[in-house]
A.B. asks: 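Starting off with a structure, shown below.
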Amino acid sequence: MRYSDIAIAISPHDINVLVARGMIVAYAGRHEEGLTLVERGCACEPRLPPAFVSSLGDCYYLARRFEAALAAYRTLIDPPYFFRLNQAACLAQLGRAEEAAVITNQKPDTFDATVYARNTLRLCALPEDGELWLDGLRKAGVRLSFIVP
């Protein structure tokens with residue numbers, strides 16, 4: 001947070017700073033504030049890089065706006081599996097478990113969902129945010145080999 005405070009003070013209009021700051025703030029539990037920053041950064045660029053789209057989707061997810069998160073993730077062309085797994089979590093949170101299971105069942109053998117979930121949890125300052133990600137993944141049918149968020 002301290003370094004993003006400095007970055008935003010120095011470059012308040014830099015889209016990379018806006019998006020990075022937004023992600024940091026959202027994962028710190030200030031979801032709407034973080035989302036606003038990411039949306040501002042994304043509004044400045046007509047061709048968003050995948051990292052910006054992922055950041056937007058993550059912020060929507062943390063703000064419990066699952067339809068918007070799903071829409072953001074779906075704009076990615078040929079995304080890596082972890083982006084698709086985020087889509088599955090959104091679908092599951094929306095009660096669309098069958099659609100989520102289609103994605104979950106496409107998991108590459110080399111992808112470790114437990115490691116991905118654990119790393120996502122480490123980003124969350126609030127336990128309820130970590131539990132939200134775990135809940136979405138579990139509802140999507142992801143088998144995780146740990147219990148504690």
Side-chain angles (χ1 to χ4, degrees), residues 1-95 100 103-104 107-108 110-149:
M1 285 293 288
R2 187 175 80 193
Y3 292 114
S4 74
D5 287 341
I6 294 167
I8 201 78
I10 293 170
S11 302
H13 303 291
D14 183 310
I15 62 174
N16 293 298
V17 171
L18 287 169
V19 172
R21 168 74 176 179
M23 279 289 288
I24 291 165
V25 169
Y27 272 99
R30 295 170 14 208
H31 309 128
E32 293 299 327
E33 180 185 348
L35 177 57
T36 298
L37 289 167
V38 173
E39 286 176 328
R40 265 185 39 213
C42 288
C44 297
E45 180 58 53
R47 295 180 190 223
L48 295 174
F52 280 34
V53 174
S54 173
S55 297
L56 186 59
D58 287 3
C59 287
Y60 279 129
Y61 189 91
L62 289 167
R64 282 66 173 168
R65 297 185 194 182
F66 304 119
E67 284 284 355
L70 181 61
Y73 293 131
R74 283 187 166 167
T75 64
L76 294 164
I77 299 168
D78 194 27
Y81 183 73
F82 67 92
F83 285 134
R84 304 254 312 132
L85 196 55
N86 290 355
Q87 289 177 20
C90 292
L91 288 164
Q93 295 291 14
L94 292 166
I103 295 170
T104 302
K107 183 183 85 56
T110 58
F111 185 85
D112 189 330
T114 297
V115 169
Y116 179 70
R118 190 175 295 125
N119 288 338
T120 301
L121 289 177
R122 287 182 180 142
L123 295 174
C124 299
L126 302 179
E128 57 265 32
D129 289 343
E131 190 53 45
L132 180 71
W133 280 111
L134 286 180
D135 184 54
L137 294 171
R138 286 182 181 129
K139 285 178 181 175
V142 176
R143 290 186 181 91
L144 301 173
S145 61
F146 66 95
I147 306 288
V148 182

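Residues: numbered from 1 along the sequence shown.
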A.B. asks: If you round to the nearest 0.5 Å, how far is OG of Ser11 from CD1 of Ile15?
C.D. replies: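 That separation rounds to 12.0 Å.
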A.B. asks: Can you see which heavy atom on Ala28 is nearest to which on Met1, and at what distance?
C.D. replies: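 In this case the closest contact between Ala28 and Met1 is CB-SD, 4.2 Å.
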A.B. asks: Find the distance between OG1 (Thr75) and CZ (Phe83) and round it off to the nearest 0.5 Å.
C.D. replies: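 Between atom OG1 of Thr75 and atom CZ of Phe83 there are 9.5 Å.
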A.B. asks: For Glu32, give me all partners under salt bridge (charged side-chain N to carboxylate O under 4.0 Å, His left out), at least two apart in sequence or on another chain.
C.D. replies: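 Arg65.
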A.B. asks: Might you point out which heavy atoms bring Ala88 and Thr104 nearest each other, and give the distance in Å?
C.D. replies: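 Heavy-atom minimum between the residues: CB-OG1, 4.1 Å.
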A.B. asks: Do you know which of His31, Glu39, Glu67 makes side chain to side chain donor-acceptor pair (under 3.5 Å) with Tyr60?
C.D. replies: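 Passing option: Glu39.
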A.B. asks: Could you report the tightest heavy-atom contact between Pro12 and Arg40, atom names first, then the distance?
C.D. replies: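 In this case the closest contact between Pro12 and Arg40 is O-NH2, 3.4 Å.
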A.B. asks: Closest heavy-atom contact between Leu91 and Leu70?
C.D. replies: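 Closest heavy-atom pair between Leu91 and Leu70: CD2-CD2, 3.6 Å.
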A.B. asks: Report the distance from atom CG of Leu37 to atom SG of Cys42, rounding to the nearest 0.5 Å.
C.D. replies: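 That separation rounds to 11.0 Å.
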A.B. asks: Are the side chain of Ser54 and the backbone of Pro50 linked by a donor-acceptor contact shorter than 3.5 Å?
C.D. replies: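 Such a contact is absent between Ser54 side chain and Pro50 backbone.
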A.B. asks: I need the Thr120 OG1 to Leu137 CG distance, nearest 0.5 Å.
C.D. replies: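 Interatomic distance, Thr120 OG1 to Leu137 CG, rounded to 0.5 Å: 7.0 Å.
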A.B. asks: Please check: side-chain N/O of Arg47 versus main-chain N/O of Glu45, any donor-acceptor pairing under 3.5 Å?
C.D. replies: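 Not confirmed, Arg47 side chain does not pair with Glu45 backbone.
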A.B. asks: Under 6.0 Å between ring centres, would you say that holds for Phe66 and Tyr61?
C.D. replies: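 Centroid separation for Phe66 and Tyr61: below 6.0 Å.
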A.B. asks: Out of curiosity, Asn86 CG to Arg74 CZ, how far, rounded to the nearest 0.5 Å?
C.D. replies: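 Those atoms lie 13.0 Å apart.
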A.B. asks: Could you walk me through whether Asp58 and Tyr27 pass the side-chain contact (heavy atoms from CB on, under 4.5 Å) check?
C.D. replies: CA-CA 9 Å; Asp58 287 3; Tyr27 272 99; 3.2 Å; yes
A.B. asks: Heavy atoms only: give me the nearest Ala63-Leu35 pair and the separation to one decimal.
C.D. replies: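 Closest approach of Ala63 to Leu35: CB-CD2, 4.3 Å.
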A.B. asks: For the pair Tyr81 (side chain) and Ile103 (backbone), establish whether a donor and an acceptor sit closer than 3.5 Å, ignoring hydrogens and angles.
C.D. replies: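 Checked: pair present.
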A.B. asks: Please list, chain by chain and in numerical order, all residues satisfying salt bridge (charged side-chain N to carboxylate O under 4.0 Å, His left out) with Arg84, sequence neighbours excluded.
C.D. replies: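 Counting only residues at least two positions away or on another chain, Arg84 forms no salt bridge (charged side-chain N to carboxylate O under 4.0 Å, His left out).
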A.B. asks: Donor-acceptor check, side chain of Thr114 to backbone of Ser145, threshold 3.5 angstrom: yes or no?
C.D. replies: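 It does hold such a pair.
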A.B. asks: If you measure from CE on Met23 to CG on Leu123, what distance do you get to the nearest 0.5 Å?
C.D. replies: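 Atom-to-atom, Met23:CE and Leu123:CG are 6.5 Å apart.
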A.B. asks: Decide, yes or no, whether a salt bridge links Lys107 with Asp112 under the criterion of side-chain N to carboxylate O below 4.0 Å.
C.D. replies: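 No.
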A.B. asks: Between Glu131 and Leu126, is the side-chain contact (heavy atoms from CB on, under 4.5 Å) condition met? List the steps.
C.D. replies: CA-CA 9 Å; Glu131 190 53 45; Leu126 302 179; over 6 Å; no
A.B. asks: Which atom names give the shortest non-hydrogen contact between Tyr73 and Gly57, and what distance separates them?
C.D. replies: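 Nearest pair, atom of Tyr73 first, then Gly57: OH-C, 3.2 Å.
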